[in-house]
2 protein chains.
Amino acid sequence: MKQRPLREDPYHKLREAIVSGQFHPNERLVEAAIAERIGAGRTAVRAALVRLDQEGLVELERNRGARVRHISDGEALEIEEVRAVLEGMLARRAAARITAEGLRALRHVMTQMRERVEAGDSIGYSELNATFHQNIWTAAGHPTASHLVGGLKSQGIRFQYQTALRPGRAERSLREHETIFAALKAHDGDAAETAMREHLAEVLDTLRWAIDSQHRTARWLPG
Amino acid sequence: MKQRPLREDPYHKLREAIVSGQFHPNERLVEAAIAERIGAGRTAVRAALVRLDQEGLVELERNRGARVRHISDGEALEIEEVRAVLEGMLARRAAARITAEGLRALRHVMTQMRERVEAGDSIGYSELNATFHQNIWTAAGHPTASHLVGGLKSQGIRFQYQTALRPGRAERSLREHETIFAALKAHDGDAAETAMREHLAEVLDTLRWAIDSQHRTARWLPG
DNA sequence: ATCCTCAATAATGTCGACAATTCGGCAAGG
DNA sequence: CCTTGCCGAATTGTCGACATTATTGAGGAT
């Protein structure tokens, strides 16, 4: 019995390549090329593409092949909106069910986040941010919602770098996380949901700002 | 250029067969058998199974084939919970954006629902119920959330018959819908979200009741 | 110069065959 | 009687070949 390393699975390999930005949005994904690139047969690649299409990372058109799905600005906002309500629900549940163990893990992550902010390391902070949220999903014990949120996150990942660039965002974000943590520690479901939704409303605002400033610079250059 | 009738697409055919209950939960789905049954090649059936697996209607195990996914009671409750927050959000948005046209369509559906209740036609009412909610999704203009809710709905469909059986459920449900409609008509987002969430909390309670009574009768018969 | 036609090309969709794997039964051994 | 190992049927996974379909580009007519 040999275990199957997930990293060798064509689906995961291709998914990782797309999410990590190795393919540009709207770039065509030719089955034969992908097959050779990741060292798999065309059949397996096909199956992977079907899954990724269903997942929303790839767009599959009959007889016209696959391309990396381009997430429009508006869609990114929609995704963030849905994330907000789902994570709000997860935070509420987490407040009711989180254990001492879970709280300790969260506190540990927050300590690291504080370090990253003080060091001015935006990208390191961003990764810890993801860890923080994932810990909450785990504590919530709600596979259905976690699965959905995970899928949304992978779609919106292209925009996550942009939000980190806003001046002063990290400090503010850190305070918001502390509020969430306090609510969880107090097992206050209402407060946890509210704090999480406010936090993600802030993220949404930042995203709007990032998109706006993008449009502004885009008009400056060619004009 | 010939249009492709969706009903002939193996994916939709198989999906419809599963959702409509032509296969039991946990029933094995042998590729060759399905292929012959719906008149398609094994390749197409394979692709359909992959999609349905990603969608959560089918469970695909490596080298062990596919089976209809069994949604446990707990999972059904989780699904309903997620549906509640998502539809709540959609109702809020719908309140802000619904047109006179959309309101008229909703009113028409509600009239029919009233008729079905008075006629004691639970199953007809249930279908109109689905239509009512779909109209709200449309009015909300939020493809991302609508898509997710649609997927959840198909997973939980097995339980929807059970909830309709509770005595007096239909009348109460009708009143709840009227409340939602009033909030939409008044373009009151807060009220719409609250009404929708309360409505679906009721549905969730009814579902808990259905599951409980199921367990009771299950223990009576063999005990 | 522009538009249309049509062949050449490249990619996808489908099929059949074969290899790999799982599962059930059956017999040998403890 | 129970466990273990092995064989065979059934099913899935993969590959290669071929049909089908879009796309591209050249050439000719207006």
Side-chain angles (χ1 to χ4, degrees), chain A residues 1-19 21-71, chain B residues 1-19 21-71:
Chain A
M1 291 228 191
K2 60 178 171 185
Q3 295 285 9
R4 35 159 191 177
L6 287 188
R7 299 303 171 78
E8 307 235 344
D9 180 0
Y11 163 68
H12 287 101
K13 269 179 129 172
L14 183 52
R15 186 181 201 283
E16 186 57 28
I18 293 175
V19 171
Q22 295 181 251
F23 296 99
H24 305 130
N26 271 336
E27 180 173 348
R28 278 198 68 183
L29 298 173
V30 178
E31 294 175 0
I34 309 268
E36 190 180 6
R37 167 165 179 170
I38 67 180
R42 202 160 71 97
T43 306
V45 172
R46 248 183 117 68
L49 288 175
V50 170
R51 284 178 75 167
L52 291 168
D53 169 69
Q54 194 71 20
E55 200 174 340
L57 260 64
V58 151
E59 205 163 11
L60 211 45
E61 274 175 307
R62 168 144 186 133
N63 286 325
R64 289 159 132 251
R67 46 187 68 224
V68 178
R69 215 183 117 200
H70 171 77
I71 308 289
Chain B
M1 293 237 188
K2 61 178 173 186
Q3 297 282 10
R4 36 157 190 173
L6 288 189
R7 297 304 170 77
E8 307 244 340
D9 181 358
Y11 163 69
H12 288 100
K13 270 180 129 173
L14 184 51
R15 185 179 201 285
E16 186 55 29
I18 292 175
V19 170
Q22 295 182 247
F23 296 98
H24 306 106
N26 272 334
E27 180 173 347
R28 276 197 70 185
L29 297 172
V30 179
E31 293 176 0
I34 309 269
E36 189 181 4
R37 168 166 177 168
I38 67 180
R42 203 159 70 94
T43 306
V45 171
R46 249 184 116 67
L49 288 175
V50 171
R51 284 177 75 168
L52 291 167
D53 170 70
Q54 194 71 23
E55 200 173 338
L57 260 64
V58 151
E59 205 163 11
L60 211 46
E61 275 176 308
R62 163 131 189 148
N63 285 326
R64 292 162 127 246
R67 47 187 67 224
V68 178
R69 216 183 118 203
H70 171 77
I71 309 288

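Owing to the predicted nature of the structure, the values given are computational and were not obtained by experimental measurement. Chain A is the first sequence line, chain B the second, and so forth, proteins listed ahead of strands; every chain is numbered from 1.
- Looking at residues two or more places apart in sequence or on another chain, you find no salt bridge (charged side-chain N to carboxylate O under 4.0 Å, His left out) involving B:R51.
- Scored by the salt bridge (charged side-chain N to carboxylate O under 4.0 Å, His left out) test, B:E31 finds B:R42, B:R46 as partners (sequence neighbours excluded).
- Listed by chain and number, the residues in a side chain to side chain contact (heavy atoms under 4.5 Å, CB included) with A:A66 are A:L29, A:L49, A:V58, A:L60 (sequence neighbours excluded).
- Of all heavy-atom pairs between A:A44 and A:P10, the closest is CB-CG, 3.8 Å.
- Rounded to a whole Å, the CZ atom of A:R51 is 11 Å from the P atom of D:dG13.
- Direction of the helix axis in the helix from C:dA1-D:dT30 to C:dG30-D:dC1 shifts by 10° between the two five-pair termini, rounded to 10°.
- With sequence neighbours left out, B:R64 forms a salt bridge (charged side-chain N to carboxylate O under 4.0 Å, His left out) with B:E61.
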All N/O contacts under 3.5 Å from nucleotides 10-12 of chain D to the protein, with atom names and distances to one decimal?
from   : atom 1 : to    : atom 2 : distance (Å)
D:dT11 : O3'    : B:R28 : NH2    : 3.3
D:dT12 : OP2    : B:E31 : N      : 3.3

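- In this structure, A:E27 places its CD atom 13 Å from P of C:dA11, rounding to the nearest Å.
- Of the inter-residue distances, the one linking B:I34 atom CD1 with B:E36 atom CD reads 11.0 Å to the nearest 0.5 angstrom.
- Under the rule for a side chain to side chain contact (heavy atoms under 4.5 Å, CB included), the partners of A:A17 that lie at least two apart in sequence or sit in another chain are A:Q22, A:F23.
- In this structure, the side chain to side chain contact (heavy atoms under 4.5 Å, CB included) partners of A:N26, at least two apart in sequence or on a different chain, are A:R67, A:H70.
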